[in-house]
Amino acid sequence: MNRRKALIFLWLFFHIFAVVLFIIRHENTAKIDTNFLSITPKFLEDKDFQKPLEDFFLKNSSSVKIFIESEDFDTAKDNALKLEEYINKLDSNVLVNLYSKSYDDVLNIMIKYKYQLLSKEIRDYLLNDEAYIVSENSLANFYSPFFIPIVDNVEDDPFFVVNSKINEILVSDNNLQSRDSIQFINYNDKYNILINIDMPQKIDSDNFFNNLTAFLNDLEVNNNVKTYISGVPIHTYYSQKSAKREITIISIVSLIAICIMFIFIFKSVKPYIISMCTISLAGISAFLLSSIFFRSIHIFTFVFGTSLIGISIDHSIHFITEWYNEKNKKEVLRKIFPSMLLGFLTTVISYLSLSLTSLTLLKQIALFSIFGLISSFLTVNIMYPIIFKNDKREIKQSVLIGSRNILNSYVKIINIKNVSILFAAVIIISIIAIPRIKVNFSANQLYNTPDFLLESEREVYKRLNTSLSKNIIISRGDTLSKALHAEESIENYFTNNYTAISKVLYSEEKQRENIKLTEEKLMPLLKEQIESLDLNISSYNKIMNEFENIKNEVLDINKIIEEPSFNDLKKIIITNNNKYFLIATSDYDTNNNAVKLSTSDVKIFNLNEEINDALDNTAKTAVKMAVIAYIIIFIVMIIFFNKKQALAIILVQIMSILINLSIHSIFSININIFSIFALILSIGISIDYAIFFSNSAADKEITFLAVFLSMMTTVLSFGTLAFSGFIPVKSFGLFLFIGVLSSFIVSPILFKFNKLIKNV
């Protein structure tokens, strides 16, 4: 009695502890993460750079760009204003901007610090002792009837330094134009008005984008305009929407099918309800405990977590099946507990091996599932004997007879000759098929962009005259100026769609260099330039006095980025560990030059290549973990069984894995990183069948029935995952589906093998 109370206390302690710990740490517990970028592995060796990169993606993951296109400007403008008004009504916290940047502040800064912020063109001329070209170009432009100065201040700026700098900024600003204070791009003789949206962190994105996308569709249908949308939030919305739909479908299909099976086998809905309550409790416990270990839990952890239905319910099935068959209820746990415990341990070992990979998503899935399995295991073995204490139902005799007949027929054809032929056939097919298997560990296996959204992204990039950047350049410095200096050291290597703060603002060192260049190269030409422009001596004296007053000053970058006109720069300036990091992007393909250009304060990398390499390394680590998991499981098998039994169990599992890989090869199904993770997990799940067939003290037909039901629930859970449109989920589910099914088909061989061992 005391032992029973102690076990109940253990069960209560585990579940109450999960609730209490969650409440205590509620402010620090994980939030639900729907950003698909966060499921990529860490790939920067220098952790000092990894955090700024993550912050950069986080800051820029809230931006959405929408183009309203029409052949008539007023039509595009009216619809853009309607969209702005509609968004403000939807959520006042969403920042919407379709108006041109205020260049007044920018102009004032450029005019005051024109010599500190020389354009690259003028700076290069001065560095090459070609100041005379600057002078000649200025004169040519001044007297040209086709030249329209951006800033008409020739008396203060006879070399057109400000015009050159502003023109450089405008060109780098994707050719945005302004009319009626609204920013637009003329593309293919059509007006494309740009609306920038910045999403707040706390928002019901589902409701917002449901309404926004519907409104955009209405604009296209009713107002004769085209709309194009781009940004991480819209991708997140569609992936989250798909995930929620898949979770719902997977759960409903699995639960209905399992319910029908339970009612048919056990002639009652009670076992089903209790099993579902057990799974629900396991899922809640898993979430409460997992949320303590992570800052956020990804939505796809719950998609993969639906597999917990198929695994956790195995415990319930084995207990209930034996309970309804065994006359002496006290013998139920004695007969099944050793096999159940061993199956539980092997599954946990498999999940633990997943947690040792570098992919955060896999760590979350591993911990989530382990906590859920612990809850399920405790509930079945501690609480079920109490819950089912007075339940005297029995399994339908027709079901038992059917199970016995199927098993007997199966065992009859199993002999050493047939098993040897089967094993040899599997080996031969594997040798032929597996080398031809298609392996793809690239980043495109993480997210399958819907065609319509991909097309919309392309149209946005075309209008902005840019594309997805090939390179990310991170520059580091103890101060913002030093970070700028580091970025400036490599800027000459990047020309194609190069976006960087150092193209607009300069480090203190570069500003002083520009002043020195101006003083030594340009100012000696000032008097002659004034005369050529037919200006009087007072203009010369005014410019010289102004230069003398300003030449010892530098523009304080820290103050300037606080100006509203430079708000966009804040998204590419990150602070971490009291250091500044600047993020620049470029389409230039550096190939191996990235390594040569990188310094201790500059990191250059190709985003796709880095992610692909990280995924490849993660997959290799996962394979190593699978081998380690197999070795550990084999050791556990030897502890529980004799060496021959343990070897037979492992060989059966290897056979099912070879069958799985061969099927993937024969039907040209890609193996990706999530297939590798499924491979590891299939070891822990499917080996349970072999354990019960080798070790269960229950009647063989009962063991076969219980394993069959376990297989069916797992197949229903993972099999439905295989219909997902999300590649990781689909690959994960399909590999497990084939692995579990093939293992069930092969594992009954162990019934015959055990008899052979006993006869030896």
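Residue numbers start at 1 and run along the sequence shown. Worth knowing before you read on, the calculation uses all heavy atoms, side chains too, and leaves out hydrogens, waters and symmetry mates.
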For [Y], is there any backbone N or O sitting under 3.5 Å from a side-chain donor or acceptor partner on [X]?
X	Y	value
Ser742	Gly739	yes
Ser339	Ile336	no
Ser376	Gly372	no
Ser665	Leu661	no
Trp323	Phe388	yes

Quick check: do [X] and [Y] have side-chain heavy atoms less than 4.5 Å from each other?
X	Y	result
Leu7	Leu378	no
Tyr689	Thr714	yes
Ile374	Phe344	yes
Leu367	Tyr351	no
Met340	Phe377	yes
Thr379	His315	no
Val399	Phe264	yes
Ile659	Val746	yes

Does [X] have any ring pair (Phe, Tyr, Trp, His ring centres under 6.0 Å) partners at least two apart in sequence or in another chain, and if so, which?
X	value
Phe13	Phe17
Phe266	Phe262, Tyr324
Phe9	none

> Between Leu741 and Phe737, is a side chain to side chain contact (heavy atoms under 4.5 Å, CB included) present by the stated rule, with each step listed?
Replying inline: CA-CA 6 Å; Leu741 185 60; Phe737 168 75; 4.3 Å; yes

Kindly give the heavy-atom pair with the smallest separation between [X] and [Y], and that separation in Å.
X	Y	result
Phe368	Ala286	O-CB, 3.0 Å
Arg4	Ile382	NH1-O, 2.9 Å
Phe294	Ser290	CD1-O, 3.3 Å
Ala706	Ile317	O-CG2, 3.5 Å
Thr713	Ser710	OG1-O, 2.8 Å
Gln653	Ile687	OE1-N, 3.5 Å

>> Would Leu333 and Phe319 count as a side chain to side chain contact (heavy atoms under 4.5 Å, CB included) here? Give the steps.
In response: CA-CA 8 Å; Leu333 280 180; Phe319 180 92; 4.0 Å; yes

[X] [atom1] to [Y] [atom2] distance, which is reported to the nearest 0.5 Å:
X	Y	atom1	atom2	result
Leu679	Asn660	CG	CG	8.0 Å
Ile258	Ile263	CD1	CD1	12.0 Å
Ser409	Ile406	OG	CD1	8.0 Å
Asn405	Phe704	CG	CZ	11.0 Å
Leu705	Glu322	CG	CD	10.5 Å
Leu736	Ser731	CG	OG	11.0 Å

> Can you list every pair that meets ring pair (Phe, Tyr, Trp, His ring centres under 6.0 Å) and has a residue in residues 646-669, with sequence neighbours left out?
Replying inline: His664-Phe735

> When you look at Leu400 and Ile702, which way does the side chain to side chain contact (heavy atoms under 4.5 Å, CB included) test go after all the steps?
Replying inline: CA-CA 7 Å; Leu400 288 177; Ile702 289 296; 3.2 Å; yes

> With sequence neighbours left out, which residue pairs that include part of residues 256-271 fulfil the side-chain hydrogen bond (donor to acceptor under 3.5 Å, both in side chains) condition?
Replying inline: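 Checked against side-chain hydrogen bond (donor to acceptor under 3.5 Å, both in side chains) - neighbours excluded - the pairs reaching residues 256-271 are Lys270-Asp391.
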
Listed by chain and number, what are the side-chain hydrogen bond (donor to acceptor under 3.5 Å, both in side chains) partners of [X], not counting sequence neighbours?
X	value
Thr321	none
Ser403	none
Ser285	none

>> Suppose we screen for salt bridge (charged side-chain N to carboxylate O under 4.0 Å, His left out). Which residues come up paired with Lys327, at least two apart in sequence or across chains?
In response: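 Partners of Lys327 under the salt bridge (charged side-chain N to carboxylate O under 4.0 Å, His left out) test: Glu394.
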
Which side-chain N or O atoms in residues 421-439 pair as donor and acceptor under 3.5 Å with protein atoms at least two apart or in another chain?
from   : atom 1 : to     : atom 2 : distance (Å)
Ser430 : OG     : Val426 : O      : 2.6
Ser430 : OG     : Ser662 : OG     : 3.3

Taking distance alone, no hydrogens or angles, what donor-acceptor pairs closer than 3.5 Å link side-chain atoms of residues 272-283 to residues at least two apart or in another chain?
from   : atom 1 : to     : atom 2 : distance (Å)
Tyr272 : OH     : Leu255 : O      : 3.0
Ser275 : OG     : Pro271 : O      : 2.7
Thr278 : OG1    : Ile274 : O      : 2.8
Thr278 : OG1    : Tyr384 : OH     : 2.7
Ser280 : OG     : Met276 : O      : 2.9

> Yes or no on side chain to side chain contact (heavy atoms under 4.5 Å, CB included) for Ile284 and His15, after CA distance, side-chain angles and deciding distance?
Replying inline: CA-CA 9 Å; Ile284 293 170; His15 293 94; over 6 Å; no

> By side-chain contact (heavy atoms from CB on, under 4.5 Å), which residues pair with Asn328, not counting sequence neighbours?
Replying inline: Glu326, Lys330, Glu331

